[in-house]
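Everything below concerns the one structure shown next.
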Amino acid sequence: MSSIPRSFMAIAWRAEEETPFRPSCGFSHIVNHGEECSSSHMFKSTRKQEVFYFAGPIIVGAGPSGLAVAACFKSRGIESLILERAPCAASSWRLKTYDRLRLHLPKYLCELPLMPFPAALPLYPTKRQFLAYLDAYAAEFGLSPRFGVAVISAERDDSAGLWRLRSDTGEEFATRWLVVATGENAEPMVPAIPGAADFRGTVLHTSAYRSGEAYRGQRVLVVGCGNSGMEVALDLCEHNAIPSIVVRETVHMLPREMLGRSTFGLSTWLLKWLPVRTVDRFLLTVARLMLGDTASLGLHRPKLGPLELKSLTGKTPVLDVGTLAKIKSGSIKVIIDHYFSIESDMFSEMDGLPRKPFPNGWKGPNGLYAVGFTRRGLVGASLDAMRIAQDVELSYKVEK
């Protein structure tokens, strides 16, 4: 495809592993240098700027990952300071997700440390129910982020053994422990596409998509076939739009549930006893029986199995919530194309993620930490949060 079809009225961009969303560590830069400073609560830097020293860890980001690590700190008697650029907690969930969104995994696999979901909630909570859980979580642990404070740089002051943070409010902060919790999908990124300048329809990223109601009766092209891309296409279809979905790469599509259990939960249980490739063969056999041959629909599978691929690349299999039936019926058209691609020492300059792969990416040098960058969703964020809190506790209590 050399240009965008003029017959399409709108384009919805997918924001997942297919790349329009580029993960970001949330800072303009993280550097090391050796400026002098004192250990008092307010001290003067060489740039003649007053700096607020916080005795506990500073967490940048008040999404689920930031709240989780703050709660783990609190449970160990460690007070932390959460800085969040948005006007609310969990801003990506609250402000940048579509209305029909539900957790793709069962609630027991998505709960944050130290507090389960209410028993009355369904197995797959809605967006609204998940946000209510996060609000209750923050209240339970007395977490009060400072909203409207965007950290624009973090610099290491080796002479004092501190991290110094500069914000867009003009304030500067210093701490021994810095936890980066800005999220894997912090910044939407739309690549340049031939013909986009001449396209007369609406072009938007899925972070701005809410419902298919606005596209009723219109032809819509969804670029990207990850979980959200597939669900947006389904939502458009259910609102009587005419969606097509662009598939640029191979993709594993699995039923959301197998043998009466969550596919992810069943996989986790099987991995306790069997090698990953054996479990992959089992998943693909059951998927073939339940879903049929997806390749005949234009959805070709990768050579590696879904779990092995996830482990090596972080690419998540698609859990079908009804989209495949619409593709089979012709209500959603699949378009196969390949018309674009995107390619501190702790974070990669390419994608903003920790250089060390899971499970070792949570800890950097000199009191620098990262939470929620595992490409394993809320499960990975919770594991990071508990490890970071345990690690900081060792040096925090020595200082006291």
Side-chain angles (χ1 to χ4, degrees), residues 23-39 41-43 45 47 49 51-74 76 78-85 143 145-147 149-169 171-184 186 344-349 352-356 360-374 381 384-400:
S24 168
C25 71
F27 295 139
S28 298
H29 62 282
I30 297 180
V31 299
N32 289 285
H33 68 87
E35 295 181 5
E36 294 184 1
C37 64
S38 71
S39 58
H41 287 270
M42 297 292 291
F43 62 86
S45 75
R47 288 179 293 190
Q49 168 70 46
V51 179
F52 172 71
Y53 172 74
F54 190 75
I58 292 180
I59 303 166
V60 182
S65 299
L67 297 178
V69 73
C72 288
F73 283 142
K74 203 74 173 282
R76 295 171 180 270
I78 302 172
E79 291 293 331
S80 60
L81 172 64
I82 308 174
L83 302 178
E84 168 59 53
R85 66 180 178 180
L143 308 179
R146 277 201 57 189
F147 297 119
V149 180
V151 175
I152 57 178
S153 70
E155 302 174 346
R156 178 67 183 174
D157 189 334
D158 287 326
S159 63
L162 298 173
W163 285 95
R164 190 162 64 196
L165 286 65
R166 186 163 57 90
S167 73
D168 64 347
T169 63
E171 298 170 285
E172 292 195 17
F173 305 86
T175 180
R176 272 205 61 189
W177 307 278
L178 172 60
V179 182
V180 182
T182 49
E184 294 172 336
S344 133
D345 290 340
M346 182 178 180
F347 296 97
S348 167
E349 295 178 359
L353 297 177
R355 295 181 189 275
K356 293 181 180 179
N360 301 312
W362 60 275
K363 184 176 181 179
N366 303 316
L368 177 62
Y369 299 91
V371 57
F373 294 91
T374 64
D384 281 349
M386 291 184 286
R387 288 172 179 144
I388 292 169
Q390 183 179 26
D391 194 70
V392 169
E393 181 185 28
L394 297 175
S395 51
Y396 180 83
K397 291 189 174 179
V398 169
E399 284 203 348
K400 293 188 70 176

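In this text the structure is predicted, and so the values were computed from the model without any measurement.
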Requested in this report: Please report the closest heavy-atom contact between Thr175 and Gly56, naming both atoms and the distance.
Outcome: OG1-O, 2.7 Å
Report summary line: Between Ala174 and Ile58, the two heavy atoms sitting closest are O-CD1, 4.2 Å
Query - Minimum side-chain heavy-atom gap Ile78-Pro57 below 4.5 Å - result: yes
Report task. Could you tell me whether the side chain of Glu84 reaches within less than 4.5 Å of the side chain of Arg146, counting heavy atoms only? Result -> no
Query - Residue list, side-chain hydrogen bond (donor to acceptor under 3.5 Å, both in side chains) with Ser167, at least two apart or on another chain - result: Thr169
**Report entry** Closest heavy-atom pair and its distance - Arg176, Trp163
**Finding:** O-CD1, 3.7 Å
Report summary line: Here the pair of heavy atoms bringing Ala154 nearest to Leu178 is CB-CD2, 3.7 Å
Query raised in the report: Atom CZ of Arg166 and atom OG of Ser153: how far apart are they, to the nearest 0.5 Å?
Result: 4.0 Å
Report task. With side chain to side chain contact (heavy atoms under 4.5 Å, CB included) as the test, would you mind laying out the steps for Val51 and Leu162 before giving the verdict? Result -> CA-CA 12 Å; Val51 179; Leu162 298 173; over 6 Å; no
Requested in this report: Identify the two heavy atoms, one from Ala62 and one from Phe147, that lie closest to each other, and give their separation to 0.1 Å.
Outcome: CB-CE2, 4.5 Å
Report task. Provide the closest heavy-atom pair for Ser80 versus Phe73 in the form atom of the first, atom of the second, distance. Result -> CB-CD1, 3.9 Å
Query raised in the report: For the atom pair CZ (Phe54) and CD1 (Ile59), what is the distance rounded to the nearest 0.5 Å?
Result: 9.0 Å
